[in-house]
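For reference, the structure is listed below as structure tokens.
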Protein chains: 2
Amino acid sequence: MNQDSILRSLVADNLVSDPAGARGRLLHEAAKLFRDKGYERTTVRDLAAAVGIQSGSLFHHFRTKEEILKAVMVETIRLNTALMQAAVDAANTHRDKLQALIRAELESINGQTGEAMAVLVFEWRSLSEESQVHVLELRDIYEQLWLEVLETLRQDGVLAADPFVVRRMLTGALSWTVTWYRPDGGLTLDDLTAQVVAMMGLTSL
Amino acid sequence: MNQDSILRSLVADNLVSDPAGARGRLLHEAAKLFRDKGYERTTVRDLAAAVGIQSGSLFHHFRTKEEILKAVMVETIRLNTALMQAAVDAANTHRDKLQALIRAELESINGQTGEAMAVLVFEWRSLSEESQVHVLELRDIYEQLWLEVLETLRQDGVLAADPFVVRRMLTGALSWTVTWYRPDGGLTLDDLTAQVVAMMGLTSL
DNA sequence: GACGATACCAAGCAAGCGCTTGGTTTGTAA
DNA sequence: TTACAAACCAAGCGCTTGCTTGGTATCGTC
């Protein structure tokens, strides 16, 4: 399963909007605007203009502005959970599984879904509490993937720290790359992955 | 120099507002509101109500709402730079200096200045570009402290990764603790510091 | 080629926003 | 006591916001 086929399968199951369709294009533009200007500073007029319609027409597709934010987050988590799962399955050793997870998360943050991932991190508070609960349930599945791999490394005696703490630290560290990492800066995502592994003292395994 | 005397010295030099004064109290309440609701969702009426005055009276102390956000950020950086400097100076070995920095940053994020630090991380985009430039200059001083210590560890052969990358990863990891760490959760800041050091494979030194 | 759903437009409403204004109270010092 | 500035209030202006409304294209289907 490569990335494209994973995406197509999710689209087929109606779990993620077709990026080529009207809804998918809007969500993509919304993610960009939300990341660049923030959710609150982005007006429905901005969103409408980005896809070339009138602001009122947005409400034919979404009932509220917040529903757009939620859709961006939900679809992003669904896609990335599937990508992570595939990355873990494809790796063999425990250490390689962790490296695959790190690499996959760096890619989701700094690649195609980067805008949406940034929104997930920085616009969290703009979601209503009810929506937060719903999105959190999805995120738990995602987190479980990480914890299982980290736990095995802990049992192998390779990881000295608590898996829960490590996962949260890695969440922060990897998310934060969105604020400084630029692919054209002479550092590839593979380099970056290697740096993280090195930082954790796992290079010589 | 303990924390209190550092604060007092900055207040005396007019670099930080007296927390007991009108301006200092407003900035503290503003930081809380900005963290809890976000800058955009916080109205000048909210800010005024938090200190018990009318919304229009705010503009006797600050020319614009953004000036309040900037003041929160500037004063927080000034205070924390001084605290970090003191923490580094007080430690002896290179490894202890790093541990002192980690501990100090965790404290600034999860202690007294926590609200303001969260604002610095999550409300950055709400600052005008001109203000961002000004605040960035202050932050560079702060960052230099870290880089010097990390560089020494690198030269000692203790740190395998690039100091610049490590600092940025640590920025993210430590900042992110504000979203999940709770002092009453059975994990002290000392524990947390130890976990970070362990995660970096620096325990046995 | 009539029909119904889907997608959209043009216009604007009600509410909330940052900020201004003109005037009053409070604190300080001669 | 007087004088003056700093601190604050009460009211509201002008603008932007999310969203609604009533109507018009567009398109697949029988």
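Since we're looking at a predicted model, the values are computed, not measured. In what follows, every heavy atom counts, from backbone to side chain, and hydrogens, waters and symmetry copies are set aside. Residue numbers start from 1 in every chain, and the chains themselves are labelled A, B, ... in the order their sequence lines are given, proteins ahead of strands.
- Among the atoms of the strands shown, base atoms are found under 4.0 Å from some heavy atom of S57(A).
- How far CG of L106(A) is from CZ of R103(A): 7.5 Å, rounded to the nearest 0.5 Å.
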**Request:** Could you please spell out the steps behind the salt bridge (charged side-chain N to carboxylate O under 4.0 Å, His left out) verdict for R23(B) and E67(B)?
**Result:** CA-CA 12 Å; R23(B) 183 184 157 100; E67(B) 202 171 284; 5.8 Å; no
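- For the side chain to side chain contact (heavy atoms under 4.5 Å, CB included) test, residues two or more places apart in sequence or in another chain that qualify with D4(B) are N2(B), R8(B).
- Salt bridge absent: E29(B) and R25(B) never bring a charged side-chain N and a carboxylate O closer than 4.0 Å.
- Protein chain A contacts DNA chain D from dT17(D) to dT20(D), reading 5' to 3' and using non-hydrogen atoms of the protein with a distance under 4.0 Å.
- Here Q112(B) contributes atom CD and L79(B) contributes atom CG; the two are 9.5 Å apart, rounded to the nearest 0.5 Å.
- Residue contacts for T64(A): at a heavy-atom cut-off of 4.0 Å it reaches the sugar-phosphate backbone alone, with no base atom in range.
- Not one N or O on the side chain of E107(B) forms a donor-acceptor pair closer than 3.5 Å with the backbone of L189(B).
- K97(B) contributes no side-chain N or O that, together with a main-chain N or O of E148(B), makes up a donor-acceptor pair within less than 3.5 Å.
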Table of protein N/O atoms under 3.5 Å from nucleotides 5-7 of chain C N/O atoms:
unit_1, atom_1, unit_2, atom_2, d
dA7(C), OP2, H60(A), NE2, 3.2

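- Within the 3.5 Å criterion, the main-chain N or O of T43(A) finds a donor-acceptor partner in the side chain of D46(A).
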